[in-house]
Structures are given as C-alpha cells and as structure tokens.
Amino acid sequence: MHNITQLSHSFGATATFQNVDLSIEQGEIVSLLGQSGCGKSTLLRCIAGLETPKNGEITIQNNVVFSSKINVQPGKRNLGLVFQDYALFPALTVRRNVGFGLKRIDEKRIDELLDLVGITECADRFPHQLSGGQQQRVSLARSLAPKPQLLLLDEPFSNIDAHRKLELGQEIRRIVEHQKISAVFVTHDQVDAFSLADRVAVMTQHNGSGTIVQIESPHVLYNNPISPEVARLTGACTFIDGTLTEDSIVETCLGKIAIQGASVSDKRNVKVLIRPENLCFNANVSGNVVIGMSCCTGPGFQLIVDVGPTRFRIPHPTYIPKGTRGTIEVLAPCLSY
Amino acid sequence: MIRLLALIPVLLAVSPLLGLLGLILNPPKDPFGGEPASLWMLLSDGAVFGLLLNSVYVALTSAVMSVLCGGWLAWVNYRYQYRGKRLLFLGSLLVFATPSYILAGTLRVQMNNLTVLPDFSGLWASIVCLTIVCIPYAQVIISSALTRLSGSELEAAIQLGASNRDAFTVAIWPQIKESVQLSFFISFLYAIADFGAVATLNAPVLTWRLYESIRNQDLQQASILGVLSLMAVVPVFFLVNRYRSQPNRLSNPRKVKPIPLKGNKRVLLYCVYAGLIWLGVVWPTVELCSWVVEGWQRGLSFTSQWDATFGSLVCAAIGALLTTILVIAPAWLYVQESEFYKNSTFLASALPGILLAFGLMTLTLLITKHTGGYHLVLSSGVLLFSGYAMRFLSEGFSPIASSMRQINPQLSDIAKILDRYPKPWVKNVLLPHIVPSIVRAYFLVFLACIKELPITLLLGGSTGLKTLTFRTWDRYNEALWHDAGFSGLILLLIAFMMTVVTLHWKADA
C-alpha cells in the first residue's frame with residue numbers, strides 16, 4: 001500500500017497543488033487525470049523524489065520516503081519512472097539501457113525483461129533505430145529492471161499513434177500484473193485513463209493550485225461526476241439550463257427531462273448534464289429541430305443539431321442528410337448541478 | 001568541487017582588472033627619481049582620449065563594413081542557388097585562419113608596391129584589414145540565424161505578391177535583426193581588441209600604444225590606456241550578452257527553396273567572394289611564398305623553423321588543453337544553474353589580449369613584490385597559459401555549453417531514480433554526448449592560441465619557448481622578410497589545416 005497524505009507543493013510563491021490525498025493498493029493502477037498545468041506531473045515528480053514538496057507525507061510500501069523530517073533520495077525509493085518522450089540513453093544499446101539500473105550486469109534479468117516487453121530482437125539496436133512504441137517498451141523494461149514496488153508513468157501514450165495506444169495500454173496492464181506491482185500514470189486523455197486504470201483521480205485547479213477532486217473507478221466517474229468540471233474532463237457532454245418543475249423533472253429546451261434524485265426544495269434552476277449516448281434523434285417531418293451537419297465517425301454517424309444557442313452531438317447508426325427535421329429524445333435520467 | 005573548478009575562470013576574469021587597479025592605486029616609482037605624474041595629469045592629456053576615439057572609429061567602421069558585406073553574403077547564400085556555393089562559402093571561412101598581423105603585413109607590402117595608392121598604413125589601412133578579418137564572423141552569425149528561420153513566412157509574402165525587398169523587410173528582417181546586431185557588436189569587440197593589424201600598420205589606437213607603453217616601461221601610462229580600453233570594451237560586452245541570450249528559433253525549420261542567381265547580382269557575388277578569398281587567403285599565402293623564394297634566390301640564410309614550430313605546437317596544445325578543461329565546470333553550472341558563469345567566462349575573453357597580458361603581469365608583480373619569484377612565475381609559463389585560457393575561454397565554452405544544453409534533463413532524472421547518478425550517468429550519458437564538442441572546442445582554442453600574438457609577445461618570451469607568431473613578428477620588424485615569410489607560411493599552413501579540421505568536425509557533429 002502506498003499513501004500520499006496532505007501533500008502540497010509550490011514553485012516559489014505559486015502553489016502547484018495543495019493537500020493532495022491518494023492511496024494506491026498493491027497491484028492497483030491509478031490514473032491522474034487533469035488538464036495541462038493542474039500539477040499532476042509535479043505530483044508524480046514529488047512521489048519520485050525529483051521535486052521536494054512543501055509539506056505532507058509520502059509512504060511507499062508503508063515506508064515513509066517523505067515527511068517533514070525525512071526526504072529519501074530518488075534512487076532509494078524503489079520506484080520506476082517512464083517519461084512521455086521515453087528518455088532513453090542515446091549512446092547505449094537497448095540491452096545496456098535496460099541494464100542501466102542494475103548494480104551488477106545481470107544478463108538473465110535483462111533477457112527476461114526484453115522478453116516480457118517483446119523487444120528481444122531489438123536488444124543490440126540503439127534508441128534512434130527504434131519506433132516510438134519500441135522505445136516506450138524499452139523505457140518500461142528499464143524502469144522495471146531494479147524490481148520497483150511502484151511504477152510511475154508520465155503521459156506514456158502521448159507520442160504513440162492512436163491505434164497503438166490501446167494495445168500498449170493492455171501490454172502495460174499485463175506487465176504490471178505480471179510483476180505484481182502498483183502503478184500511477186499521469187494523463188490528460190480521458191480515454192487513456194479509463195482504458196488502463198483501476199481508479200481515476202481527477203485533478204483540477206482551484207485558485208491557481210491543483211487538487212484531487214474525485215477518485216473513482218472509470219465507470220462510476222463517468223456516470224457520477226461530482227461537478228460539471230469533472231464531467232467535462234471525463235467525456236463529451238453538453239450542459240443545458242433547466243427549471244425544476246416537480247421532483248426529478250426539469251423543463252429544458254429539449255422539453256421535460258427526468259433527472260436523478262433532485263427535489264424542488266433543493267433549487268429551481270439547474271444545469272443538466274447530457275452525454276451524447278443519452279440522446280436519440282427521431283426523424284419526423286413535423287419535428288422541431290433540424291440536422292445541421294452529419295459526420296461519419298467510422299462505426300456510425302454523428303448528427304450536429306443546434307437548439308437555440310446549444311449544440312448537440314448525437315450518435316446515430318445510419319446516415320441522415322443535413323436539413324432533415326425531427327425530435328431529440330433523452331433516453332435515461334440525467335445528472336443535474 | 002565542481003563549484004570550486006567553476007570559480008577558476010571567474011577568478012581569471014577578474015585578475016587582470018585587479019592588477020590594473022593595483023597599478024593605478026600604487027603607481028611605480030620613476031626610475032630616474034622624478035615625481036610620477038598624477039592620474040589627473042595623465043587623464044587630462046588630450047592625446048589619450050584621441051587614442052580612444054581612434055580605437056572606437058576603427059572598430060565602428062570595420063564592424064559596419066563587415067556586417068554589410070558578411071550579411072549580404074549570408075543572405076545571398078540563404079536565398080539563392082549558384083555554382084560553387086558551398087566551396088565559396090567554405091573558402092571565405094578560411095579567412096578565419098589568417099592572423100590579422102600576417103594579413104596586414106602582406107597587404108602593406110603588396111599595396112605599397114602599387115605606387116598609385118597612398119601609403120598602406122595607419123587607421124584606414126587597419127579598417128581595411130579588420131573588415132576582411134571580421135567578415136566571416138558576421139557571415140557565420142547571420143547565416144546561422146537565417147538557417148534557423150522557417151521559409152514559410154517568406155514564401156507566404158511572395159505568394160501574396162510582395163516584392164523581394166518587401167518580403168525581406170516583412171518576413172526576414174524582424175527575425176534576424178537581433179543576430180545582425182549581435183554580429184555588429186562581436187565584430188566591434190574583435191576590432192577594438194585587435195593588436196596584430198594595428199601594430200603592423202602602426203595605427204594610433206589604444207592596444208598598440210598600450211604595448212608601446214609597456215615596452216617603454218611606462219607602466220603608469222599603460223594603466224591609463226588599459227582603463228580606457230576597458231571603458232571601450234565593457235559596455236559593448238554587455239550589449240553582446242544581451243543579444244546573445246535571445247531565444248533560439250525553430251530547431252529544424254522547413255528551409256526556403258533557393259532560387260537561381262542571375263545577371264549582375266551573380267557577377268557581383270563572385271567578385272565579392274573572389275576579393276575576400278583573394279585578399280584574406282590567397283594573397284597573404286602568395287606574398288609569404290614570394291618572400292621565402294626571394295630570400296632563397298638571393299642566397300640569404302634561413303633560421304631553422306623546427307624550434308619555433310615545435311614551440312608553437314606545444315604552446316597551443318597546452319593552452320587549448322588547459323582552456324578546454326577549465327570551461328567544462330562553468331559550462332555545466334551555466335546549463336544547470338546560472339548565467340553568471342557564462343558572463344564571467346565571456347567577460348575575460350572580451351578583453352583585448354594585450355590588456356589581459358598586462359593585467360596578469362601587474363597582478364603578479366604586485367603579489368610577488370614582497371615574496372619575490374616574479375621571473376620564476378613568468379618563465380614557468382603559468383602566466384602565458386593563464387593568458388591563453390582567459391582570452392579563449394569563450395571559444396571553448398560555446399560548443400561545450402551548447403552540447404550540454406542539448407541533453408534531455410529527464411535522462412539525469414531517470415539515472416537518479418535508478419540510483420545510478422552521478423558516476424554511471426557521467427560515464428554512459430554525459431561523456432558520450434559531449435566528447436565531440438570537447439574535441440571541437442579543443443581544435444577551436446588550439447587554432448586561436450597558435451595565432452595569438454600580444455599575449456605570446458608579453459608573456460611567452462621568458463618561457464624560452466620560441467613560437468611561430470613571435471618569430472614572424474620579430475623578423476618582420478627587423479625587415480628579415482624571408483625568415484618572417486617562412487615562419488608565417490608554416491603558421492598559415494597549420495592554421496588552414498586546423499580550420500579545415502574544425503569545419504569538418506562541425507559538419508560531422
């Protein structure tokens with residue numbers, strides 16, 4: 001079990017993040033999701049020991065590595081770190097890169113890791129002779145060589161082609177499970193976070209400094225974001241204004257919409273969160289909305305419909321031409337704020 | 001430890017200033033028992049300020065002319081395609097190898113043979129020589145700025161119907177303005193610090209008169225001239241630093257497609273290149289050869305050049321080694337921490353060589369006044385090599401610091417995480433990356449040391465080592481031109497070879 005308790009950091013007078021609490025179970029993968037500049041990479045660097053926090057406590061495998069009295073050197077924390085641009089040593093071959101962290105050259109361990117990440121055939125090549133995905137695998141193997149207890153990954157997929165991301169994510173998951181270690185990875189991409197992590201910690205900025213506002217499993221986070229900001233970070237959504245007319249019913253530009261558990265006594269004016277998959281377009285010549293654009297998304301189409309100042313993107317399995325009239329149906333009760 | 005090592009160049013930078021200050025505060029006694037002149041008397045002498053004005057005039061004019069010519073060559077090289085482009089560009093860079101005193105000496109003899117021209121000496125002749133010497137500096141700095149530009153803006157302007165002139169003014173000039181200004185200040189600094197050309201052409205400027213004052217044992221006058229030199233150099237040094245710190249543009253920009261150069265512009269370009277290469281490279285070589293051949297035809301005896309060649313190689317090798325070792329620590333701390341280390345390194349190198357040598361001498365005199373051992377220090381070569389190191393720290397600093405800056409800082413983070421920092425990281429990551437730059441820095445400093453004249457003249461004589469620069473200077477002043485030509489020719493050949501090696505290494509690196 002690894003714990004971060006009330007951790008704060010600042011660059012000079014500017015606070016980067018404040019009072020961050022995070023627990024990582026053994027074998028768990030936790031993703032730090034947030035926009036650029038919210039302090040998630042700095043938090044990762046603090047865990048690694050490359051930045052010194054202002055206060056708080058960090059324990060790795062129940063050993064305190066940072067507190068007001070202790071600051072263990074990065075090399076003594078027993079961590080692995082993978083950067084987004086791989087940071088491979090250019091003058092060393094793949095084999096020597098992987099073995100760099102070993103106190104004594106252990107060819108058996110290197111071969112085992114090369115095999116684990118699937119780059120045995122590249123062992124004698126130099127980093128510049130590898131593709132981005134291969135370099136990422138070498139970087140991963142190098143960080144695993146000293147058998148770390150916690151693996152830190154800083155935007156590991158940002159330089160990888162979209163179609164390779166999923167495959168590499170699954171590889172990382174398999175390797176982390178195989179090595180029986182935990183992992184924290186930083187990303188600003190919700191798809192990456194949801195596809196790889198067991199739990200996602202959403203970081204947002206308040207008054208210039210970052211903080212973790214919600215930690216949940218991807219499914220719970222997507223369906224029950226605690227604020228509009230978290231909702232926007234965790235997937236495509238549209239917010240519409242509405243007036244609560246009776247318990248769990250809101251009057252909006254789309255008509256009456258059912259919402260989850262809100263009563264008139266809470267407040268009358270609300271913002272309703274609508275996810276695209278919760279909408280359905282029904283073609284109807286007497287309908288009150290018109291399709292402004294129809295875009296192919298591969299598996300289906302996305303219909304762009306403007307209702308007043310609000311734009312809706314509605315998934316649809318078949319092509320419907322621009323200008324078609326119809327109505328928008330909300331399929332399930334929505335969240336409101 | 002590394003901080004202590006980095007402090008050595010800082011101490012070297014301030015040591016001549018301390019020496020100069022010590023001399024002003026504690027003027028030497030008159031050897032004939034007379035009252036030494038007061039500082040005010042010396043300063044109120046109008047001739048002293050006349051020298052300052054002359055120095056600034058020579059430096060300013062040379063800098064303007066070299067920037068105009070070098071800048072035009074750089075622009076044409078960037079924008080146009082013509083036959084022999086690469087060869088002519090590299091040929092013009094060979095002017096780097098020609099020491100200014102050899103250029104001035106050979107031009108003076110050649111020009112004076114053309115009786116239609118006035119005597120080739122004094123200020124205007126110095127301006128001609130220094131312009132030729134400074135053109136490659138301006139050309140390289142502005143070319144480097146142009147190659148970092150993206151061609152998109154220029155092509156967009158042309159696409160929108162702008163004339164070549166308008167396209168240049170709108171798309172190019174705003175982006176290279178700072179580099180043009182930098183090249184101007186660098187040329188100015190080079191010209192105002194030059195000793196070889198102005199001494200050979202007997203130009204009444206600060207550096208030459210400073211040397212004469214030292215030679216005549218008039219140390220008080222020398223200290224005043226030294227202070228005036230500082231006044232001329234230090235403000236320009238800060239301007240250079242301001243422009244040198246401008247951020248780099250794109251590292252790998254899309255280049256503009258060069259267009260064919262035609263008509264009068266092409267003729268003009270070939271004429272400028274021919275003039276530059278002829279005056280800066282071919283003519284000095286041919287003239288030195290003719291001095292040797294003439295001496296041989298007249299049956300004059302030649303002094304053996306082995307000792308001078310050996311001495312030059314040894315001095316340059318040791319000077320370059322010491323300088324290269326000294327710049328590693330400040331370059332590292334500059335990249336990691338502070339501009340202070342760069343500024344102190346560049347300050348030492350911005351000072352004229354003659355002033356550095358004089359400052360070092362006076363500081364050593366002050367220190368050894370009570371302890372004794374001045375001649376021991378002078379003859380051991382410590383002062384000579386310290387002088388070389390101070391003068392050429394910046395030449396070694398730039399390639400090494402720039403190579404260190406290219407190292408991804410995450411590599412050291414990874415090594416720290418893996419508990420393999422610093423030793424394994426230095427061995428496996430840092431050294432493989434910076435060794436080519438260290439070698440290049442060594443070659444650059446070697447080239448600079450082997451050509452260096454004023455420091456060698458003032459501080460090298462007592463070491464017993466004969467050098468080619470000293471012999472060329474000495475024999476030229478004694479009108480033993482066949483010997484001067486022989487020494488100068490060997491020096492030129494070594495310098496040309498080193499320049500080619502440096503350019504080749506740069507291309508590889």
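Quick note on labels: first sequence line is chain A, next is B, and so on, each numbered from 1. Just so it is clear, the structure is predicted and the values come from calculations on it, not from any experiment.
A:D115 places no side-chain N or O within donor-acceptor distance of the main-chain N or O of A:D111, the cut-off being under 3.5 Å. Proximity of a side-chain donor or acceptor of B:S349 to a complementary backbone N or O of B:M390 within less than 3.5 Å is detected. In this structure, A:H188 contributes its side chain and A:Q35 its backbone to no donor-acceptor pair below 3.5 Å.
Interatomic distance, CD1 of A:I119 versus CZ of A:R125, reported as 10.0 Å (0.5 Å rounding). For the atom pair A:E28 CD and A:R199 CZ, the distance stands at 4.0 Å (nearest 0.5 Å).
Across A:V82, A:L79, A:D85, A:N78, the residue that shares the most heavy-atom pairs under 4.5 angstrom with chain B is A:D85. Across B:I407, B:L418, B:I414, the residue that shares the most heavy-atom pairs under 4.5 angstrom with chain A is B:I414.
At most 12 heavy atoms of other shown residues, nucleotides or ligands fall within 6.0 angstrom of atom CZ in B:R405.
Using a 4.5 Å cut-off between heavy atoms, A:P90 contacts chain B through its side chain alone, with no backbone atom that close. Only the side chain of A:R96 comes within contact range of chain B, judged by heavy atoms closer than 4.5 Å. Contact annotation for A:L102: only backbone heavy atoms (N, CA, C, O) come within less than 4.5 Å of a heavy atom of chain B. Only the side chain of A:L92 comes within contact range of chain B, with heavy atoms under 4.5 Å apart.
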- Message: What verdict does the salt bridge (charged side-chain N to carboxylate O under 4.0 Å, His left out) test give for A:E112 and A:K108, after you've listed the backbone C-alpha separation in whole Å, the side-chain angles of each residue and the deciding distance to 0.1 Å?
- Response: CA-CA 6 Å; A:E112 185 187 303; A:K108 196 178 157 202; 6.0 Å; no
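Defined by atom type and a distance below 3.5 Å, a donor-acceptor pair is missing between the side-chain atoms of A:D21 and A:T5.
Here B:Y137 and B:F96 bring their ring centres to under 6.0 angstrom of each other.
Between B:A441 and B:G396, the closest heavy-atom pair is CB-O, 3.6 Å. The two residues A:P148 and A:S143 make their nearest non-hydrogen contact at CG-O, 3.4 Å.
Listed by sequence position, B:P424, B:W425, B:N428, B:V429, B:P432 are the residues of residues 422-433 of chain B in contact with chain A, using a 4.5 angstrom heavy-atom cutoff. Residues of residues 320-338 of chain B lying within less than 4.5 angstrom of chain A, judged on heavy atoms, are absent.
Ring geometry for A:H128 versus A:F126: interplanar angle under 30°, hence parallel rather than tilted (30 to 60°).
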